[in-house]
Amino acid sequence: MDFNHSFMSNSGYQSSKMKALYINTPHKMRLNNSRIVLFLMVIMYHFILTTHELHAQGKAQDQSATLKLLDNKPAKTWMTEAYPIGNGRIGGMIFGGVTQEHIQFNEMSLWTGDENETGSYQAFGDLFIDFTNQGTNTDVPTDYHRELDISKSLHRISYSNNNVQYTREYFCDFPDQVMVLRFTANKKEAYSGIIKLKDAHKGQITAQGTTIQISGKLENGVVYQANALLKLEGGTSVAEPDGNGGYQLKITNANSFTILFSAATDYSNKRSQGWKGEAPDVKIKKILSAASSKSYQSLLSTHLKDYTTLFGRVSLNLGSSSISTLEMPTYKRLINYKKVRDPQLESLIFQYGRYLLISSSRKGGLPANLQGLWNESNNPPWRSDYHSNINIQMNYWLAEPTNLSECHFPFLDYINSMREIKKINTQKQFPGVRGWTVKTENNIFGGESFLWNTPGSAWYVQAIWEHYAYTKDLNYLKSFGYDILKEITEFWDDHLKRRPDGTIVSPLGWSPEHGPTEDGVTHDQEIVYDLFTNYIEAADILGVDKTYRDHIADVKAHLLKPKIGKWGQLQEWETDRDDPNDKHRHASHLFGLHPGRQISPLTTPELAKAAKVSLLARGDASTGWSMAWKINFWARLMDGNHAYTILKNFITPVGGAGVDYNEGGGIYSNLFCAHPPFQIDGNFGFAAGVTEMLMQSQTSEIQLLPALPEAWTDGSVQGLRARGNFEISDLQWKNGKIVQLAIKSLSGGDCNIRSLNPLKANFKSVTDKSSEKDFKYSFKTEVGKSYKFVSSN
């Protein structure tokens, strides 16, 4: 009866009831019922154990508790310490001050410039909340806590002051198109203060009732507006002059309050409409009218459902950090990273890239720029523009493989919206050619500046092809993608130079961002090769333009191929002049390795070896985005340990916010990538690099754990996407070997996989193509079905 006693003691109220039932049962019935009671007890015991085990497993697998940026003090610096929130159109940088909250905000379409002058992406303004009843003490409360929970896209601040516990909760809601700021306390009448708006362009600031508003017009005619709507619970509010020619909202003795914020311009991405759309006043009124009719909990619920649908598709476990490490402020974790093992910081930075893409690139909006969505300056570094020589492309390397295909659309739509003005500009520079190309710096109106970057448009449309390659959306390829692929192909067909010996080269190219301008630059040749490869495949899939398709196949066959130089390097130029001491941050001539698919250790081992020689000469240290690209390079070379070395170099804390990209980059306390200064492509490139280390699909097969470093001996990942529209719904490994694999086919078709170790399928229709060194499997799939494997040794 010791078992029964233990069980009843641990089972609480329910087991006590069963015990009482047993004691009060007549003696004759006890003997018959005792077996039943014992049977029920055993069932309940196993139920409790199972529930406990499932809970423990769920807790271990649930990484949301660790996907947070933490700080024990308010932010002082925008670039390095403030935390970003955004819904793809509106963005805010949160400072979290105690006596004054400061939220610097942006709206993605607030640009100067036009079709002729690039201009720059602009700061919009600032929202300040001065708390008049929380004292003027500049000391930070000892219990101050500031966090950004990227699993929910939710920013929280808490602290106590004058024996009152204050809590703030902020999010940027995509479905409702508002930034929501919620202020609560554990005591009534806890809030008194002033709400102010500051316009970065000195527009008019007005207030009426519970709304404060910015309105203005830029010199290029862009009309803009921002509104903050106050919802009070208890207390009073009044609109009053601010003493500087504007207005503010004054709150007195509120129990709690919520601010609904929205901003807009009259920009439209349609050139046929003169880049003009709905007036911001009309747009904002509709947005705030709808949002204000909903409760805070309703807005939060809508936001969480929308955001987690995207973010929650991928989970990554690279190992566990200590509890004491996880509880540290993020800046301390960065400082300690090289001394204390912190794999959950690595997975946090991976997921942070996904968070930033969701927050700065949503369907129907503009693509993420050099700073994503966030910018505090009207003269930002490099205009905070769309740089065409790697940066905007790099922003989207993670979109498809990390299961954020919807977030890719702003870039694809941007390419489409620029076509007509780019054709006009291209004709002026290159008379007689079909199609179009771009300069290095680009805005949202088709304006451009700096040097012509002729391969830029070909690199753009790699994204057009990749979206199809991952989704297998035939209607998209037919109605949207193919025409763009073809017209860029036509530009290069006309622009290329035919030599007497039959070799075809790109004329007057430049290997960004250094070296001479001359014919046959490797960077250009590889990008054109990639373009033609994608176009030919698209034409074959659609069964169209066979004559032209065959012509392009012939041109492709005569392109100058990558060459191996005198010290074993992949030549950057046709002439063998590469300097082995060149440490330039760009390694543009390795495009064919990544993101192209011309060079691979599996298909072109000699070229891959030469690419490795070039990378070793370039060195590991560099600026932030360059290190991110190098992670991808080494992953494609299937050298996980070297990729991990670069990854660790990337996670180097950088303190300053100046423009000094010759001193090397890293990461700021808020996990923004330091070029320096802040440049978001490094964050996106890091996430893409981690993905390439775990899964690749640029060849005709899915490579599983192709560049697994020794540091990630055990781990798991769920939700990555491979070309062919396959989802890696579960991939688990131990001691560097795959122990469990599940692949879901979303479009059907043949699937080919390459594994580190032999696998055993739970289905029969699989062909084993393994050799002594390579473990390869092929099988036909049906739409919506999952295919599972386990280790066979």
Side-chain angles (χ1 to χ4, degrees), residues 88 269 309-310 313-314 353-354 356-358 360-368 386 388 390-419 438 455-489 527 530-542 544 591 594-597 632 681 684-685 687-688 691-692 695-700 702 719-728 744-749 783:
N269 69 351
T309 297
L310 292 171
R313 292 173 181 169
V314 173
R354 298 182 68 243
L356 292 173
L357 188 66
I358 298 170
S360 63
S361 184
R362 297 299 297 268
K363 198 169 183 179
L366 287 161
Y386 299 115
S388 68
I390 183 174
N391 308 97
I392 188 172
Q393 297 94 329
M394 190 179 195
N395 282 1
Y396 287 90
W397 288 348
L398 79 161
E400 302 292 344
T402 70
N403 219 332
L404 296 176
S405 187
E406 297 93 328
C407 296
H408 207 171
F409 279 105
F411 183 33
L412 308 180
D413 291 340
Y414 173 79
I415 295 169
N416 184 50
S417 71
M418 295 295 110
R419 291 163 67 190
V438 295
S457 60
W459 196 342
Y460 274 9
V461 297
Q462 185 188 58
I464 298 283
W465 169 254
E466 290 285 65
H467 181 69
Y468 170 76
Y470 278 93
T471 64
K472 307 296 284 186
D473 186 340
L474 197 62
N475 183 60
Y476 155 83
L477 184 63
K478 183 177 182 179
S479 63
F480 182 90
Y482 180 77
D483 287 346
I484 303 175
L485 272 166
K486 184 178 179 181
E487 65 192 25
I488 304 303
T489 299
I527 291 179
D530 185 79
L531 167 69
F532 287 173
T533 301
N534 297 338
Y535 170 73
I536 291 165
E537 290 191 25
D540 288 344
I541 290 164
L542 296 176
V544 297
F591 174 95
H594 180 277
R597 48 181 170 143
N632 288 271
D681 43 18
F684 296 143
T691 306
E692 292 283 337
M695 184 273 295
Q696 296 176 25
S697 61
Q698 70 277 5
T699 61
S700 59
I702 301 172
L720 297 181
R721 293 284 285 275
R723 294 169 181 85
N725 206 12
F726 296 104
E727 181 173 288
I728 312 302
K744 185 174 183 180
S745 176
L746 301 174
S747 294
V783 177

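Values in this document were obtained by computation on a predicted structure and should not be read as measured data. Just the heavy atoms: all of them, side chains too, but no hydrogens, waters or symmetry mates, feed the values below.
- Residues H467 and S405 are in side-chain contact: their nearest non-hydrogen atoms beyond the backbone lie under 4.5 Å apart.
- The line from OG of S457 to CD1 of I488 is 4.0 Å long, rounded to the nearest 0.5 Å.
- With Q698 contributing its side chain and G596 its backbone, the two residues share no donor-acceptor pair below 3.5 Å.
- At distances below 3.5 Å, not a single donor-acceptor pair connects side-chain atoms of Y396 with backbone N or O atoms of L357.
- In this structure, OG1 in T402 is found 5.0 Å from CZ in R354, a value given to the nearest 0.5 Å.
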Check: What's the verdict on side chain to side chain contact (heavy atoms under 4.5 Å, CB included) for Y460 and I484, showing C-alpha distance, side-chain angles and the deciding distance?
Finding: CA-CA 10 Å; Y460 274 9; I484 303 175; over 6 Å; no
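- Y482 and Y535 are linked by a side-chain donor-acceptor pair at a separation below 3.5 angstrom, with hydrogens and angles left out of the test.
- Between N395 atom CG and S360 atom OG the span is 7.5 Å, to the nearest 0.5 Å.
- Contact of the N416 side chain with the F480 side chain is registered, since non-hydrogen atoms from C-beta on lie closer than 4.5 Å.
- Taking each heavy atom of C407 and L310 in turn, the nearest pair found is SG-CD1, 4.4 Å.
- In this pair, W397 and W459 present their aromatic rings parallel. The plane angle is below 30°, not in the 30 to 60° band.
- Nearest heavy-atom pair across R362 and G88 is CG-CA, 3.8 Å.
- I527 has its side chain out of reach of F532: every pair of non-hydrogen atoms, C-beta onward, lies at least 4.5 Å apart.
- Looking at P367 and I392, their side chains come closer than 4.5 Å, going by heavy atoms from C-beta outward.
- Contact record, G685 with N632: O-ND2, 3.2 Å, taken as the closest heavy-atom pair.
- Of the charged side-chain nitrogens involved, at least one lies within less than 4.0 Å of a carboxylate oxygen, so that R597 and E537 count as a salt-bridged pair.
- Smallest separation of non-hydrogen atoms from A458 and L531: CB-CD2, 4.0 Å.
- Looking at L720 and P401, their side chains never come closer than 4.5 Å, going by heavy atoms from C-beta outward.
- A side-chain donor from one of D681 and N391 sits under 3.5 Å from a side-chain acceptor of the other.
- Using a 4.5 Å heavy-atom threshold, the side chains of P455 and F591 count as separate.
- Classification of the Y468-W465 ring pair by plane angle, with boundaries at 30° and 60°, yields tilted.
- In this structure, R313 contributes its side chain and N403 its backbone to a donor-acceptor pair below 3.5 Å.
- Side-chain contact check for F684 versus M394: every heavy-atom pair is 4.5 Å or farther apart.
- Distance alone, capped at 3.5 Å, places no donor-acceptor pair between the R419 side chain and the I415 backbone.
- Using a 4.5 Å heavy-atom cutoff, the side chains of F726 and K744 are not in contact.
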Checklist line | Derivation and outcome, side chain to side chain contact (heavy atoms under 4.5 Å, CB included), residues F411 and I464 | finding: CA-CA 9 Å; F411 183 33; I464 298 283; over 6 Å; no
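- Under the side-chain hydrogen bond (donor to acceptor under 3.5 Å, both in side chains) rule, E400 has a single partner from H408, R723, R721, which is H408.
- Of all the heavy atoms in A687 and L398, the pair that sits closest is CB-CD1, 3.8 Å.
- Inspection of the Q462 and N534 side chains reveals no N or O donor paired with an N or O acceptor under 3.5 Å.
- Looking at every heavy atom in both residues, L474 comes nearest to L542 through CD1-CD2, 3.9 Å.
- Checking S747 against N725 by side-chain atom types alone, a donor-acceptor pair falls below 3.5 Å.
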